[in-house]
Amino acid sequence: MDPQPTPPLLTRAERDVETWARRFDPQSLPVLAETAAALELWRLDEDAVDAHGVSDTLSQDPLMMLKLFSLVASITRRRGSEDARSDPETVTAAMVMLGIGPFFRAFGPQPLVGDTLQATLGALDGFRAVLRRSTRAAAFAIGFAAHRMDPDAAVLHEAALLHDFAELLLWLRAPTLALTITHRQRADPALRTAQAQRDVLNIELPDLQQRLMRHWHLPALLARSTDHRHADDPQVRNVLLAIRVARHSADGWDNPALPDDVTDIAALLQLSPASTLRLLRDIDAADPSA
C-alpha cells in the first residue's frame, strides 16, 4: 500500500474539535528520517527481520507508532472485533498481530518530517522541541516503571511517548498556527497554554487528542493516561509524572516546579527526595537522544 499523499497545510483554524479531527489521517503522516531509512534497509531482506527487532526502532517514533496502531485497529475491526481488549497495546504486539510481510506491504517508502516542514521557518525546531520532550518523558516513564517492577513497562514507555501526539500533529499540519501559539506565549509568559490554544485554534489540543484516540482506537492506557479521572492509578501516575518532569526540566534542573515533581515521584517510587533526584538525573544522562 503506497503512503497517502501529504495533505496541504492548514493556515486557518477549524471551527470545532470534530472539524479539526477530520483533517488528520494517520496513514498520511510523515515519519522520522531514521525510521524511514531503517524501513528501506529491512525491506531489502524481509526474511531476516523479526517483530522484536522492528519494534525497537518503531517504538522510538511516535508518528510511526500512530500509523501502526491505527492500521492494526482498523484490521481487527474489519474482522469483526469491536472489543478494545483485542487491540494491541505495544508496538511488539502490534507487529506480531500484523506480521512482517503484511507490515512491509502496508508501509512502503515513507514521507519525512523534514520534507513536510522545510518550507515553514521555525516549524522543524518547534516539532523537534515537542519530540524531545516526549522522548525524555518516555525515558522517565520506563525508568520509573522499572524501579516499580511494573510488568507493563513497555506500555508505559509508549504511552508517555504518545502523550502529546496532538501537539506533534499540529506542527505537521498547521505549523503557522503552532508558531503563532509559541510566539504569543513567549510574548506573554503568563498566558496559559489552554487559553492560547483556544484563541488561535478555537479548541484545546487535549480535546482533539481524545477525539483522535477514540477514532483511531489507540491503546487504552494512552487514553487513561490523559484522563485525570484516573490520576490515582499507579500506572497513570507513572506516565503523568514522567510527562511533568520532562516538561519542567526541558531547559534545565532549576525550574521552581521541580521540587514538587520530585516529591510526588518519590512518593510513587517510595524513595527519598534526594535518591529520586539522583535517579532522575541518571535516567536523563542515559537517554540516548540527549
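Only a predicted model underlies this, so the values are computations on that prediction, with no experimental measurement involved. These numbers come from the heavy atoms of this one structure, side chains and all, not from hydrogens, waters or symmetry mates.
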Glu14: salt bridge (charged side-chain N to carboxylate O under 4.0 Å, His left out) partners, not counting sequence neighbours | Arg23
Student check: side-chain heavy atoms of [X] and [Y] closer than 4.5 Å:
{"X": "His163", "Y": "Ser134", "value": "no"}
{"X": "Val239", "Y": "Val236", "value": "no"}
{"X": "Val91", "Y": "Phe69", "value": "yes"}
{"X": "Asp115", "Y": "Pro30", "value": "no"}
{"X": "Pro206", "Y": "Gln197", "value": "yes"}
{"X": "Arg22", "Y": "Arg211", "value": "no"}

Other residues, nucleotides, ligands: >12 heavy atoms within 6.0 Å of [X] [atom1]:
{"X": "His230", "atom1": "NE2", "result": "yes"}
{"X": "Asp45", "atom1": "CG", "result": "yes"}
{"X": "Leu41", "atom1": "CG", "result": "yes"}

Let me know which of Asp261, Asp164, Asp260 forms a salt bridge (Lys or Arg N to Asp or Glu O under 4.0 Å) with Arg244.
-> Asp261
Side-chain donor or acceptor of [X] paired with backbone N/O of [Y] under 3.5 Å:
{"X": "Arg173", "Y": "Pro8", "value": "yes"}
{"X": "Glu158", "Y": "Ala138", "value": "no"}
{"X": "Asn202", "Y": "Arg15", "value": "no"}

Taking the six-membered ring for Trp, are Phe103 and Phe107 parallel (under 30°), tilted (30 to 60°) or perpendicular (over 60°)?
-> tilted
Does the salt bridge (Lys or Arg N to Asp or Glu O under 4.0 Å) test come out yes or no for Arg105 and Glu46, once each step is laid out?
-> CA-CA 11 Å; Arg105 290 194 293 274; Glu46 292 182 23; 6.0 Å; no
Answer yes if Leu10 and Ile203 sit in the same cluster of Ile, Leu, Val, Met, Phe, Trp and Tyr residues linked by side chain heavy atoms under 4.5 Å apart, and no otherwise.
->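 Same hydrophobic cluster.
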